[in-house]
Amino acid sequence: MTEGRKDGTAGRRLVGVLVVLLASPLTAQQPTLAAARRFIDQAETQLEERSVHLSRTEWVAATYITHDTELLSAAAQADYGRLVQRLATEAARYDGVSMPTDLRRRFLLLKLSLSAPPPADSALGVEMARLQTGLEADYGRGTYCQASAGGTRCLTLNDLTRILAQSRDPAELLDVWRGWHAIAPPMRDRYARFVALANQGAQTLGFRDAGAMWRAAYDMPPDTFAAEIERLWEQVRPLYVALHAYVRHRLSDVYGPALVPPDGAMPAHLLGNMWAQDWANVFPLVAPRGAGPGYDLTAILRERVPDARQMVRYGENFFLSLGFDSLPTTFWERSQFTRPQDRDVVCHASAWDVDNRDDLRIKMCIEPTAEDFVTIHHELGHNFYQRAYKDQGFLYQTGAHDGFHEAIGDAIALAITPDYLVKVGLLDRAPAAAADTALLLRQALDRVAFLPFGLLIDQWRWRVFSGDIAARDYNRVWWDLRMRYQGVAPPGPRAADAFDPGAKYHVPANVPYTRYFLAGILQFQFYRALCREAGYVGPLHRCSFYGSAAAGAKLRRMLALGASRPWPEALEALTGQRDMDASAILEYFAPLRAWLDRQTGGVPVGW
Ligand code: X8Z
Ligand code: ZN
């Protein structure tokens, strides 16, 4: 489970008025507007109440993976799914009622509230919930056990991540990459069954399949949304291709043309990240030649910040500087900041609002790295959003769209500039402006490299849900898409039973992913708006709005809307724009783009 609402449960029977309506001759009458309003109010009350129980079972299942917590969580999910299903079915009787758009919106949000709605048959709903919790738990338990002379050593994803970030030995990198991907083949058939069941559920709600349902959550027709994604990608693709060409050119020098072909795809195991989704860890290999050392945030954190909790304090402090209230004491008591030594947990970072009021938590396995420092800000962005909209009705207690939720903390993290680090005492003096290229390159390895990855997971999944890709072709099409969008290839041929998408958290956990692509664009729009509000003038990438009450107030106004208004209104409240638009990210990276083009003059571009 990530942020915002938890997928939910059953619980109380529908009360009073509906039962009477169903049992009486009034059934034949046209339902009224007043009845529709009463219905959705009562639905919200029930969902809200049951969601708390669901969140608690999911929290325990994610932070203490056992056979029993898995089954308890599955049962709670199945119950909540049944409740949503029943309410959505009953809601259909109000389809013909003419109602204000605000009320209509709440009915739609009810239908869209689960990323995998259960089939009508409750036994199938239970089967689906077990598959879902089982797949996520298997991911959480995943390890790679290496046989060596001294015996067997089992490495967690944290361990493997560290090796991928630091090692420059292609054989070792290949070994850990393969080792982790071996967790997934046993998931494939269960995943295929899960897809079939989720589709049945989506169909009972009137959607063609679960992917079509996901695309329906953006205040525009699903096909228009797909086109919108394509439009945004076309805006940023040239920047990505320029970065790709530069990185490939440099890595080809480091690893040789046999491993990194100068005009082909880059192999996935050499980019510093298990999924090659961001490349910040290969920065030392591709840093501008002759550039000074700049600074190394990972090294600073290791030296100056005693533990994970203190890293989180820096994140909280940023929000406090914008005028947000401090996190509740329970946040510090109930969050999981580091990987427990004595049990299996789902380490993939997430942010929770367990009681829809103020029981905010994060769940992470924090390491003292710049990467995790950014992720902390990302997660806290979810928590402060959750708190900002808590006074909205339950169905509005979520992001303007899911990309907004993912973009808040990232926009804040963009303001972790050298000047900011000096202000909070993490850096003694800011590097000279000449170091900007290096800083921008590091930032691009993180945020520009991510964009095609953010896009392609659901390009794959939408086709999986639509039935366009059969289970036996899952892996082939996955790599076709990675090649097409990212210009990244598997390190060698993949076995017939490989299921590489299953080695990425959001696939077994069924978390939609287009949100991260959207966030990749939106975070720069938010950041630019916050910089302007703070009165900043100068090159965009050097702006930090740390300490700006005006920026904070403007941000809170957008966050407090939750999902109560169509997202263009929320976007306008902060940025003055009603469209998602890549001009801010392009402006931010403009100096780097010019530099990249100079570096890659005469070397192959594209793949
Ligand atoms: O899953 C996440 C967050 C939790 S919502 C840590 N992210 C994506 C990922 O890790 O794949 C943030 C960046 C993209
Ligand atoms: Zn997130």
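One-based numbering, in listed order, for ligands and for the atoms of each.
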Best match, H382, K363, H348, R447: closest heavy atom to atom 1 (O) of ligand 1: H348
With a heavy-atom distance limit of 4.0 Å, tell me whether Y513 approaches ligand 1 through its side chain, its backbone, both, or neither. side chain
Heavy atom under 4.0 Å from ligand 1: found in Y505's side chain, backbone, both, or neither? neither
Which is it for D359 and R361 under the salt bridge (Lys or Arg N to Asp or Glu O under 4.0 Å) test, yes or no, and what are the steps along the way? CA-CA 7 Å; D359 190 347; R361 309 176 192 179; 3.0 Å; yes
Using a 4.0 Å cutoff against the non-hydrogen atoms of E406, which atoms of ligand 1 qualify? 5 (S)
On a heavy-atom basis, I'd like to know which of W275, F453, F450, Y516 is closest to atom 8 (C) of ligand 1. Y516
Provide the number and element of each atom of ligand 1 under 4.0 Å from a heavy atom of E379. 3 (C), 4 (C), 6 (C)
Check the angle between the aromatic planes of Y240 and W233 and answer parallel, tilted or perpendicular using the 30° and 60° thresholds. tilted
A student checking ligand 1 against A349 at a 4.0 Å heavy-atom cut-off should list atoms 4 (C), 6 (C)
Give a yes or no on whether the ring-centroid distance for F524 and F589 is below 6.0 angstrom. yes
Which atoms of ligand 1 have any heavy atom of K504 under 4.0 Å away? 9 (C), 10 (O), 11 (O)
Would you say T69 and T63 make side-chain contact, with heavy atoms under 4.5 Å? no
Check D480 with R476, please: is the shortest side-chain N to carboxylate O separation under 4.0 Å? yes
Report yes if the distance between the aromatic ring centroids of Y516 and H506 is under 6.0 Å, otherwise no. yes
Any N or O of Q277 closer than 3.5 Å to N or O of ligand 1: yes
Should the ring pair Y513 and F453 be called parallel, tilted or perpendicular, given that the plane angle runs from 0 to 90° and is split at 30 and 60? perpendicular
In degrees, rounded to 10 degrees, what angle do E406 atom OE1 and H382 atom NE2 make at the Zn ion (ligand 2)? 100°
